[in-house]
Participant: 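Below is one structure. I have some questions about it.
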Protein chains: 2
Amino acid sequence: MKNLNRVHLNGLRALEAAGRLGSLQRAADELGVSPGAVSQQIIKTERQLGTTVLERTPRGFEPTQSGRLLLARLFAGFRELDTAVEAAAGQTETTLTISVAPLFASKWLVPRLSRFRKLHPDIRVRLEATTELADPDRSDIDLALRIGTGNWPRVRVEFLLPQEVFPVCAPELAAQLSTPADLARLPIVRDTNSNLSWDQWLRPFGLSETMLAAGDTFTDAGLCLEAAIAGQGVMLAWQTLALDAIRSGLLVAPFRERIRSEFGYFLITSATRREAKKVSQFREWLKSEIAASEEGMETAIK
Amino acid sequence: MKNLNRVHLNGLRALEAAGRLGSLQRAADELGVSPGAVSQQIIKTERQLGTTVLERTPRGFEPTQSGRLLLARLFAGFRELDTAVEAAAGQTETTLTISVAPLFASKWLVPRLSRFRKLHPDIRVRLEATTELADPDRSDIDLALRIGTGNWPRVRVEFLLPQEVFPVCAPELAAQLSTPADLARLPIVRDTNSNLSWDQWLRPFGLSETMLAAGDTFTDAGLCLEAAIAGQGVMLAWQTLALDAIRSGLLVAPFRERIRSEFGYFLITSATRREAKKVSQFREWLKSEIAASEEGMETAIK
DNA sequence: TTCTTCATATAGTTTTTCTATATCGCGGGG
DNA sequence: CCCCGCGATATAGAAAAACTATATGAAGAA
């Protein structure tokens, strides 16, 4: 791209516009400057190129023989840039990019997204499912949905709902559970990566994790959920993970009690960027969806 | 092209270079500025686009998902511009554009050009054969060769050789001519557009145009020449027009006497532009060619 | 730790670009 | 014929942008 160093890009654009439109005035209108500015740019650029591109006629100018080829190429190049910018800028208006943990995406967000699409058909959602928290100031994401304590620096953090944990299991196993103490008789499926502990839930009942049986362990809560559905044991789950499985009857929550973990769900947006309309629209939808979800939770657990 | 108004072209270029090269330092090298300048351009452009194109990583940055498409398009666009500039600038160095009258081109210049090509194989000659004098400051021509009095404003004018007129005719007719007075017995072919007059040539012999016979007239000296070669009459010709025909025996000049017309051959170049090497090379070749031509004239006439 | 390597923030300067005028050349209309 | 208007260009001053040279900060390497 070194050849572009010998000319000024704005001069090339002035040249192209003038050559295409055939008049300084029209070129100036397109570029949003005065005709004099265009004239200066053209003269300078022709000097930089070492050739005359526009032959001056009494009533204006028209391209020289050798200039035609250059102008055609300039046109092609600038058109390419123009559509690139148009697409990029258009995308920022119509595409909502959300960073979200894969499990939350698949178990809760994605099944509900079709309703958002119906509500805002002009917004295209792009999910970026990653385990690390993306910085909305330093990436192209418009917002992130994350579980955590809410202490993230340099971003705008908005609390959505607390994470509440409770045991779930397949219906067949649930029949054997009438009190929390019965949990000791059943295998437990555990997520080794989780930082939730059974103690939190058991303590109010005067129980502790040491009384629980061993069971399969997995490195991913999603796998745990599959195992629980398959009847391999009881799992300590939380709302967004288990709700849909409970509703469809694949799982049951044998006990009403839900305990708040130290974590919560948060909506993360840029602290510096002005909030786009698409973001506030999504937030609104998200909150209503969460409310509906919580309501559904109450009735699902009975 | 209106979309390009919302961003700065140089910013797009900085973005493209940084995205392609993966580092501010390398981008800065390509653009010929400091890394800080590139950083500023990128930040500003991303703000203008409303999206993050380059995701900052601990060791630099790399394109975001949505940025890749933009970068690819920017690359295509700038590459187009780059090759356009390269071709245009390269052409100015290697292509010599000459404006010349069609008749002079076909009867004198073109038959000799192959020797120039042999002498300077790297220069491509482009002849623009037009009847109007092109302005070397306002068109893409590097030089013009014109017949005239030498009074052209705002250009650099260099005298090459005087136009000298003399009668020519087919060999069969020449046999009937031993003195200028014999011309009265033969038909004369005339160019109605010419401003040369037989009187100029006849006066030294005490003769005048009134004594000449009528004959065919044409609107173009080239057609006259063809008529003379075909034996339709005697023509008042000049060196560059008739030399090659005389040498090849198609025509003869029955009299040694040549009379200078009021016109001459001139080399016209820009008065303001610095002279390119290719131009001086052409001038040098042209002068040697003219000298050889004049010498050939002497021997051809005998 | 400390060093190095990046990117970014900041301040001030330099350069460019722009606007607003005046000028010039040409052609059409009175 | 002269004058007017149109369109391009020159010029001067003002405005804006870009650049350099720093400092800062964050993260990996020694």
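First the proteins, then the strands, lettered A, B, ... as listed; each starts at 1.
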Participant: Over how many whole Å does the gap from Gln25(A) atom CD to dA8(D) atom P extend?
Facilitator: 8 Å

Participant: Between atom CD1 in Ile43(B) and atom P in dT10(C), what is the gap in whole Å?
Facilitator: 10 Å

Participant: Treat primed atoms plus P, OP1 and OP2 as sugar-phosphate and everything else as base, then score nucleotides 13-30 of chain D 5' to 3': B for base contact with protein heavy atoms under 4.0 Å, S for sugar-phosphate contact only, - for none.
Facilitator: ----SSBB------SS--

Participant: Calculate, to the nearest 0.5 Å, the distance between atoms NZ and OG1 belonging to Lys278(B) and Thr94(B) respectively.
Facilitator: 7.0 Å

Participant: Starting at atom CD of Glu55(A), determine the distance to atom P of dC26(C), rounded to an integer number of angstrom.
Facilitator: 14 Å

Participant: Strictly distance-based, threshold 3.5 Å: is any side-chain N or O of Glu46(B) a donor or acceptor partner for the main-chain N or O of Leu54(B)?
Facilitator: yes

Participant: Leu9(B) CG to dT17(C) C1': how many Å, rounded?
Facilitator: 14 Å

Participant: Is there a donor-acceptor pair under 3.5 Å between the side chain of Gln48(B) and the backbone N or O of His8(B)?
Facilitator: yes

Participant: Given side chains that start at C-beta, do those of Leu4(A) and Leu12(A) come closer than 4.5 Å, heavy atoms only?
Facilitator: yes

Participant: Can you tell me the distance, in whole Å, between the CZ atom of Phe61(A) and the P atom of dG7(D)?
Facilitator: 11 Å

Participant: dC18(C) P sits how many Å from Arg13(A) CZ, rounded?
Facilitator: 10 Å

Participant: Would you kindly give the CZ-to-P distance between Arg26(A) and dG7(D), to the nearest whole Å?
Facilitator: 8 Å

Participant: Between Thr97(B) and Thr64(A), is any pair of side-chain heavy atoms under 4.5 Å apart?
Facilitator: no

Participant: Could you state the CG-C1' distance from Leu24(A) to dT17(C), rounded to the nearest angstrom?
Facilitator: 16 Å

Participant: Is a salt bridge present between Arg126(B) and Asp140(B), judged by a nitrogen-to-oxygen distance below 4.0 Å?
Facilitator: yes

